[in-house]
Amino acid sequence: MPFGKYKGYYLVDIPEYYYVWYRTKGFPKGKLGIQMQSMYEIKLNGLEDLVRPLK
């Protein structure tokens, strides 16, 4: 994550509540926003264990 409370964290390591908050506020524009939307869906469905080995 390039900014904010979780600056320097991998997207998979950011808690789900942060993505839920962005879902209501609106995800950022561009590549980061698309990645965050995807991570929201992954976490919502409990699939983050599939992404963790990729770090």
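Being a predicted model, the structure only gives us computed values, none of them experimental.
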Next on the checklist: For K55, is the NZ atom crowded, meaning more than 12 foreign heavy atoms sit under 6.0 Å from it?
Outcome noted: yes
Item to check | Closest non-hydrogen atom pair between K43 and V12, with its separation | outcome: NZ-O, 2.9 Å
Checklist entry - Where do F3 and P28 come nearest, in terms of heavy atoms and distance? => result CZ-CG, 4.3 Å
Item to check | Joint hydrophobic cluster, I42 plus L54, side-chain heavy atoms closer than 4.5 Å | outcome: no
Checklist outcome for this item: CD (E16) and CZ (R23) are apart, to the nearest 0.5 Å, by 12.0 Å
Checklist entry - How far apart are the closest heavy atoms of M39 and Y19, and which atoms are they? => result CG-OH, 3.4 Å
Checklist entry - Aromatic rings Y17 and Y6: how do their planes relate, parallel, tilted or perpendicular, breaks at 30° and 60°? => result perpendicular
Next on the checklist: Nearest 0.5 angstrom please: E48 CD to I14 CD1, how far?
Outcome noted: 12.5 Å
Item to check | Reported CE-to-OH distance for the pair M1 and Y18, which is rounded to 0.5 angstrom | outcome: 4.0 Å
Item to check | Nearest heavy atoms of D13 and R52, plus distance in Å | outcome: OD1-NH1, 3.0 Å
Next on the checklist: I'd like to know if I34 and L47 are part of one continuous hydrophobic network [Ile/Leu/Val/Met/Phe/Trp/Tyr, side-chain heavy atoms within less than 4.5 Å].
Outcome noted: no
Next on the checklist: Show, in sequence, the C-alpha distance, side-chain angles and deciding distance for Y40 and V20, and conclude whether the side chain to side chain contact (heavy atoms under 4.5 Å, CB included) test is met.
Outcome noted: CA-CA 7 Å; Y40 168 77; V20 172; 3.9 Å; yes
